[in-house]
J.: 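So that we are looking at the same thing, I have put the structure below in structure tokens.
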Amino acid sequence: MTKSIAAFQDEYGRITGWPSDRRRAHQLAILDYLTGLFEPGRRYGEDAVMAVLRDHSTLEEPRVLLTELVDGDYLATGDGAYWRADSRPNG
């Protein structure tokens, strides 16, 4: 079942809060949404990843989103770069 993330977004579509662990389905839906902001096959430096997360959230500390994306295997990392885990980076 796909959960709506609307309760965790503002009028601009930015993530405004991180659901509690009790609401894991909502957390996963937010992670799916955020993963879609990254192009398959593209490598991103940490600054670029954080810029995307800051642009699409109002969280005081968007690093929690990066941690969740990496720990949940939505983004992979290596050699100082990040990429969508469901695609191999080019170059």
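Keep in mind it's a predicted model, so treat the numbers as computed, not measured.
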J.: Going by side chain to side chain donor-acceptor pair (under 3.5 Å), name the pairs with one or both residues in residues 13-23, residues two or more places apart or in two chains.
T.: Asp10-Arg14, Asp21-Gln27
J.: Looking at side-chain heavy atoms only, is the closest gap between Asp32 and Tyr74 below 4.5 Å?
T.: yes
J.: Where is the tightest heavy-atom contact between Ser87 and Gly41, given as atom of each residue plus distance?
T.: OG-N, 2.8 Å
J.: Can you tell me how far apart CZ (Arg84) and CZ (Arg42) are? Round to the nearest 0.5 Å.
T.: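 Taking CZ in Arg84 and CZ in Arg42, the distance rounds to 12.5 Å.
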J.: Under a 4.5 Å cut-off applied to non-hydrogen side-chain atoms, are Leu65 and His56 in contact?
T.: no
J.: Not counting sequence neighbours, which residues clear side-chain contact (heavy atoms from CB on, under 4.5 Å) with Val70? List them please.
T.: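 Val70: side-chain contact (heavy atoms from CB on, under 4.5 Å) contacts with Leu66, Leu75, Thr77, Tyr82.
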J.: Which heavy-atom pair separates Pro62 from Arg54 by the least distance, and what is that distance?
T.: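 Looking at all heavy atoms of both residues, the shortest contact is CG-CG, 3.6 Å.
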J.: Given 3.5 Å as the limit, does a donor-acceptor pair link the side chain of Tyr44 with the main chain of Met50, or not?
T.: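 No, because the side chain of Tyr44 does not come within donor-acceptor range (under 3.5 Å) of the backbone of Met50.
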J.: To the closest 0.5 Å, what do you measure between CG (Leu37) and CG (Leu53)?
T.: 8.0 Å
J.: Looking at every non-hydrogen atom in both residues, tell me the closest pair between Gly78 and Arg43 and how far apart they are.
T.: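 Closest pair (atom of Gly78, atom of Arg43, distance): O-NH2, 3.9 Å.
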J.: Which pairs with one or both residues in residues 58-70 pass side chain to side chain donor-acceptor pair (under 3.5 Å), sequence neighbours excluded?
T.: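 Residue pairs with at least one partner in residues 58-70: Glu46-Arg63.
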J.: Considering non-hydrogen atoms only, spot the tightest contact between Gly17 and Ile30 and give its length.
T.: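 Shortest heavy-atom contact: O-CD1, 4.1 Å.
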J.: Could you measure the distance from the CG atom of Leu28 to the CD1 atom of Ile5? Nearest 0.5 Å is fine.
T.: 12.0 Å
J.: How long is the gap from CD1 on Ile15 to CG on Leu34, to the nearest 0.5 Å?
T.: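 The distance works out to 5.5 Å.
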